[in-house]
Amino acid sequence: MTAGHQSRLRLMVRPALVVAGVTAVTVALHVRDPHEPGSWGICPTAALGFWCPGCGSLRAVNDLTNLRFLDAASSNLVFVAAIPVLAYWFGRWTYGRWSGRPWNPSARTQNRTVAVTLVVMGVFAALRNLPGSWLAP
């Protein structure tokens, strides 16, 4: 094996660890159904009486592993909608590591991404906590 090939394989350790971690969590959520009350503990924000932007994400992962796409969207619409974006970012990051040309979005792009993410999460949290909201988990 050449030195360049070994270096490239070393660069792929982090993406491989991310894939392993996501796979482990996904399998765990498939096996231990989060729809059962208390199966994964108690959500602190739900215990305080409001739904955070992440509430329902565990159930959404379980629904996706059972190919129940509408149920997953019903559990947490923003989480399900974010999956393709996260997959794209992961793909860009992984390809950058593999090719040796890291993906480095500009500070302006990063700031806009953070701002849009925070606004979407805030609006989603506000809407899902309205009385009778169909966005509540």
Side-chain angles (χ1 to χ4, degrees):
M1 212 182 291
T2 66
H5 188 68
Q6 289 176 347
S7 175
R8 182 177 282 176
L9 289 177
R10 252 180 289 176
L11 289 172
M12 297 311 293
V13 169
R14 288 183 182 169
L17 289 173
V18 170
V19 169
V22 169
T23 301
V25 169
T26 302
V27 169
L29 287 166
H30 178 75
V31 172
R32 187 169 184 176
D33 188 356
H35 292 89
E36 297 294 324
S39 65
W40 286 92
I42 299 170
C43 175
T45 59
L48 293 172
F50 65 95
W51 306 112
C52 76
C55 284
S57 297
L58 301 182
R59 290 186 299 274
V61 172
N62 177 269
D63 291 334
L64 288 171
T65 64
N66 288 300
L67 305 177
R68 297 190 322 251
F69 302 108
L70 293 178
D71 291 343
S74 175
S75 292
N76 191 315
L77 180 61
V78 169
F79 173 77
V80 172
I83 292 173
V85 175
L86 294 172
Y88 171 76
W89 287 344
F90 177 75
R92 289 285 306 257
W93 174 63
T94 302
Y95 177 75
R97 291 184 70 81
W98 178 259
S99 67
R101 293 182 302 236
W103 180 46
N104 293 317
S106 68
R108 184 177 176 183
T109 299
Q110 291 177 26
N111 290 340
R112 284 185 180 174
T113 301
V114 168
V116 168
T117 300
L118 292 174
V119 168
V120 167
M121 289 174 60
V123 169
F124 180 63
L127 290 175
R128 73 186 332 201
N129 283 288
L130 292 174
S133 174
W134 62 276
L135 293 172

(request) Consider only side-chain heavy atoms of I, L, V, M, F, W and Y, link residues closer than 4.5 Å, and tell whether Val22 and Ile83 are in one cluster. (result) no
(message) Holding to side chain to side chain contact (heavy atoms under 4.5 Å, CB included), I want the full list of residues that pass it with Val25, two or more places apart in sequence or in another chain.
(response) Leu29
(request) Looking only at non-hydrogen atoms, find the nearest pair between Ala81 and Pro84 and report the distance. (result) O-CD, 3.3 Å
(message) Which residues pass the side chain to side chain donor-acceptor pair (under 3.5 Å) test with Ser106, not counting sequence neighbours?
(response) Thr109
(request) Decide if atom OH of Tyr95 counts as having more than 12 heavy atoms of other residues, nucleotides or ligands within a radius under 6.0 Å. (result) no
(request) With sequence neighbours left out, write down each residue that passes salt bridge (charged side-chain N to carboxylate O under 4.0 Å, His left out) with Arg32, or none if nothing qualifies. (result) none
(request) Quick one: pull up NE2 in His30 and OG1 in Thr23 and give me the separation to the nearest 0.5 Å. (result) 13.5 Å
(message) With a 4.5 Å cut-off on side-chain heavy-atom distances among I, L, V, M, F, W and Y, is there a chain of contacts connecting Trp103 to Val85?
(response) yes
(request) Output, in order, the C-alpha distance, side-chain angles, deciding distance and verdict of side chain to side chain contact (heavy atoms under 4.5 Å, CB included) for Phe69 and Leu64. (result) CA-CA 6 Å; Phe69 302 108; Leu64 288 171; 3.6 Å; yes
(message) Could you check whether any side-chain heavy atom of Cys55 comes within less than 4.5 Å of a side-chain heavy atom of Arg128, counting everything from C-beta outward?
(response) yes
(message) My understanding is that a hydrophobic cluster links ILVMFWY residues whose side chain heavy atoms are under 4.5 Å apart, including indirect links. Using that, what else belongs to the cluster containing Leu17?
(response) Val13
(request) Please answer: with hydrophobic residues joined when any side-chain heavy atoms are less than 4.5 Å apart, are Phe50 and Ile42 in the same cluster? (result) no
(request) Quick one: closest heavy-atom pair of Val80 and Ala72, and the distance? (result) CG2-O, 3.5 Å
(message) With clusters defined by side-chain heavy atoms of hydrophobic residues (ILVMFWY) lying less than 4.5 Å apart, directly or transitively, does Trp40 cluster with Trp51?
(response) no
(message) Clusters formed by hydrophobic residues whose side-chain heavy atoms approach within less than 4.5 Å: which one holds Phe124, and what are its other members?
(response) Leu77, Val78, Val116, Val119, Val120, Val123, Leu127, Leu130, Trp134, Leu135
(request) Answer yes or no: is there a side-chain heavy-atom contact under 4.5 Å between Val18 and Trp93? (result) yes
(request) Return yes if some donor-acceptor pair links the side-chain N/O of Asn66 with the main-chain N/O of Arg68 below 3.5 Å, else return no. (result) no
(request) Only counting residues at least two apart or in another chain, list the ones meeting side chain to side chain contact (heavy atoms under 4.5 Å, CB included) with Met12. (result) Pro15, Thr94, Arg97, Trp98
(message) Using 0.5 Å steps for rounding, measure from the CH2 atom of Trp89 to the OG1 atom of Thr113.
(response) 5.5 Å
(message) Any heavy-atom pair between the side chains of Asp71 and Arg59 that's under 4.5 Å?
(response) no
